[in-house]
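Step one of this worksheet: look at the structure below.
Residue numbers start from 1 in every chain, and the chains themselves are labelled A, B, ... in the order their sequence lines are given, proteins ahead of strands. Below, all heavy atoms of this structure are taken into account, side chains as well, without hydrogens, waters or symmetry copies. Computed from a predicted model, the values in this text were never measured in an experiment.
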Amino acid sequence: MKRNHLADEMNDAMAGQEVILNGWVHQLRDLGGVIFALLRDHSGMMQVVFNETISAESRKLADELRFEYCIAVRGIVALRPAGQENLEMKTGKLELKVNKLEILNPCDVLPISVSQDGGERKELRMKYRYLELRRPEISNKIIMRHQLLIFIRNFLSERGFCEIETPLLAKSTPEGARDFLVPSRVQPGYFYALPQSPQQFKQLLMVAGFPKYFQIARCLRDEDLRADRQLEHTQLDMEMSFVDRDDVLGLIETLYSAIWKEFLDYDVSTPLPRIPYKKAIEQYGIDKPDLRFGMKIINLGEIFADTGIKFLKSVLDKGGNILALRFAEQPLSRSEIDAVEEFAKEQGAFGLAHFINDNGKLKSPMAKHMSEDETSKILDMLKPGDIMFVLAHEGKAGYEIMGQTRIMLAKKYDLIDKSKYALLWVTDFPLVQWSDAESKVVSEHHPFTMPIESEWNEFLERNNGEPNPDDKSVFELSSQAYDLVINGQEMGSGSIRINRPDLQRQIFKLLGLTDDQIDSQFGHILDAFSFGAPPHGGAAMGIDRTLIQITGDEAITDVIPFPKTLKGVDPMMDSPSPVSNEQLKELHIKLDLPE
RNA sequence: GGGCGCGUGGUCUAGCGGUUUAGGAUGCCGGCCUGUCACGCCGGAGGUCGAGGGUUCAAAUCCCUUCGCGCCCGCCA
């Protein structure tokens, strides 16, 4: 019995018509003489009725029905008796009087509930993900993912972008995340790397003369997982030639405001705010500020420039900062204030002082050591009842402690306007940063990022034309890189790229690569740049993260059809798994397992 | 690699040294019920309390180790 209608198509006008529906038993109510079931298909639900006055045979077979049996029913669409309508249901005024039932496939006792959220543990839900996906609330996210991808493809295609696939079997390079390796059978001892992103391929497409490229690309990185990080994730990868930074930012913010309008009916005003990296750190203590609430970091350096308070003075003398957060939402108890200090200490602070405007009088552990001038200036900044948390700390770490404290306070005291979406760009990222793990200078974004050229040229001049990583001013250099941030989450990043082989080689040298390493690992791209490579730039946007912003979920596993656990295991397929000795032998691999 | 939390019949959960033969809900099995919609009522089966070790007269409960899951730090251009 093949279906000729879907549950969702049933309407009053069809009363009296005979139809066949296929689907699953979503709910069962056995009243003895009559059995009601909710039949669910991908479109919706329909109540079906088994009654011996309609069909004794079907009524008898219906005794066997249980949750999630896969069935086919044929029957007459009918209006429910007066007073029996279910107004909560789209088809609630109707029912199907079944004259033939066929059980297509029975269903074992369910390990997780399908008809509702049974609150099962994550590991179980992952193992039986295909059952969880039967729930419309869950599958709708996967359908929305499809709709988002279609929307993006149409948007970019209409604007002259060409979707181009790039290889999955690519090459391992020394920069960046840990690679997933794939052994070559034909070339013993050689490995492909799965792409961390199509970065080099897309730049080579620019060299090839494609003006606008995009790809919905899977990116793989063998690093530890988080709620917003899987081993593989999907990026909207894009690149354009003959453009400057504003062209790229303009296109992406137009796309994102269109997505927000389409999927959330939310008006994002463009152009988006653009905050230089340095300012983001100084004002929010983080490179991905959440602008749904205020409470910017305040620098009290000037007020305390000549202070007599020793620990403040000594931090200032060492070039540190005195930073503050003004908390004006509600008075806090002594223990609540202590909890804030405790949090700051966990973030690395030595301590966290505070000022309170106690009806025009300054209340603070430091009050009696402060000058009149200092006291009045602080009081001027506080309304009665306001609390100001104060941190004296050196370097970027001080801003970061305050940034984390700012976020903690906002979450704990509900300062975040959940109806708001705060989209912004953070621009002018540092070109490089220091890696403690590798004890060397590494790219902040990636090694193909164009520096801000005036700064770069001055840096070279200072170092006699050599890209000297030991010149500490290297950390002051900015790049033409940018991040899109939404509600405090990094949504994607991009940059204007280097397109000259000489500059690219200098950057590699700055990162500590020798000429030999550069030639063997990046020779292809330097070659390519030497054949008239056009200026170009682009970005890559996280599709999974974009989706959880739209759905309001907290983990990207919610919008991935078959996600993996935090240990990188797929409990459903039970991967990764051992392979046979024959397979290993074919690949010329011998195992050297830890104890 | 480090920190925090969780793990009890199919599933969710109570119990957190002895009142327990581990309680409840739901699902499952059997019975009753012709207008339910989380249908209802009656009865029943189902547990090595994640695993291993220890403390104790006595351990689901306390301690140690270990495994799994989640969240965070490190890590992730």
Return the nearest nucleotide to the side chain of [X]; candidates are [options].
X	options	value
A:Gln47	B:rG35, B:rG70, B:rU13	B:rG35
A:Lys97	B:rU11, B:rG35, B:rC28	B:rG35
A:Met126	B:rC76, B:rG35, B:rG70	B:rG70
A:Ala555	B:rC12, B:rC71, B:rU36	B:rC71
A:Glu95	B:rU36, B:rG10, B:rU8	B:rU36
A:Leu566	B:rC12, B:rC71, B:rU34	B:rC71
A:Glu223	B:rC76, B:rG10, B:rC33	B:rC76
A:Asn51	B:rU36, B:rG68, B:rU34	B:rU34
A:Arg80	B:rG35, B:rU11, B:rC76	B:rG35

Take atom [atom1] of [X] and atom [atom2] of [N], then tell me their distance rounded to the nearest Å.
X	N	atom1	atom2	value
A:Leu31	B:rC33	CG	P	11 Å
A:Gln433	B:rG74	CD	P	12 Å
A:Lys567	B:rC69	NZ	C1'	8 Å
A:Leu28	B:rC33	CG	P	18 Å
A:Leu124	B:rC6	CG	C1'	14 Å
A:Arg178	B:rG1	CZ	P	11 Å
A:Lys288	B:rC76	NZ	P	13 Å
A:Gln84	B:rG35	CD	C1'	4 Å

Using a 4.0 Å heavy-atom cut-off, does [X] contact any base of the nucleic acid, only the sugar-phosphate backbone, or nothing at all?
X	value
A:Arg66	sugar-phosphate
A:Pro111	sugar-phosphate
A:Asp222	nothing
A:Thr53	base
A:Leu110	sugar-phosphate
A:Phe67	sugar-phosphate

Taking any strand in view, what nucleotide pairs with [N] in a Watson-Crick or G-U wobble way, both distances under 3.5 Å?
N	result
B:rG70	B:rC4
B:rC62	B:rG54
B:rU20	none
B:rC37	none

key: salt bridge (Lys or Arg N to Asp or Glu O under 4.0 Å) between A:Asp237 and A:Lys202, intermediate numbers included   = CA-CA 8 Å; A:Asp237 190 51; A:Lys202 71 175 170 181; 2.7 Å; yes
[X] vs [N]: side-chain N/O to OP1/OP2 distance below 4.0 Å:
X	N	answer
A:Arg226	B:rG70	no
A:Gln27	B:rC39	yes
A:Arg40	B:rC37	no
A:Arg29	B:rA38	no
A:Ser113	B:rU11	no

Given the options A:Pro447, A:Pro467, A:Pro451, A:Leu510 meets side-chain contact (heavy atoms from CB on, under 4.5 Å) only with A:Pro467
If the threshold is 4.0 Å, N to carboxylate O, is there a salt bridge linking [X] and [Y]?
X	Y	answer
A:Asp428	A:Lys278	no
A:Arg129	A:Glu132	yes
A:Arg221	A:Glu232	no

Quantified in whole Å, what is the [atom1] atom distance between nucleotide [N] and nucleotide [M]?
N	M	atom1	answer
B:rA51	B:rC67	P	15 Å
B:rC4	B:rC37	C1'	44 Å
B:rU13	B:rG74	C1'	36 Å
B:rG24	B:rG17	C1'	23 Å
B:rU8	B:rU48	P	12 Å
B:rG9	B:rG46	C1'	6 Å
B:rC33	B:rC41	C1'	8 Å
B:rG53	B:rG10	P	22 Å

Do the ring planes of [X] and [Y] sit parallel (below 30°), tilted (30 to 60°) or perpendicular (above 60°)?
X	Y	answer
A:Phe429	A:Tyr277	tilted
A:Tyr130	A:Tyr128	perpendicular
A:Trp425	A:Tyr482	perpendicular

Per the under-4.0 Å heavy-atom filter, residues of residues 196-204 of chain A near RNA chain B come out as A:Gln196, A:Ser197, A:Gln199
No-H, no-angle donor-acceptor pair, [X] side chain to [N] base, under 3.5 Å:
X	N	value
A:Asn86	B:rC37	yes
A:Glu123	B:rG70	no
A:Arg125	B:rU11	no
A:Asp224	B:rG74	yes
A:Arg229	B:rC76	yes

Q) Any chance the side chains of A:Gln549 and A:Gln489 put a donor and an acceptor closer than 3.5 Å? A) yes
Check your understanding: Going by atom types alone, do A:Asp544 and A:Gln230 pair a side-chain donor with an acceptor below 3.5 Å?
Key -> no
Between A:Ile543 and A:Gln235, the two heavy atoms sitting closest are CG1-C, 4.0 Å
Salt bridge (charged side-chain N to carboxylate O under 4.0 Å, His left out) with A:Asp63: of A:Lys60, A:Arg66, A:Arg59, only one passes, and it is A:Arg59
Between A:Thr565 and A:Arg545, whichever has its closest RNA chain B nucleotide further toward 5' is A:Thr565
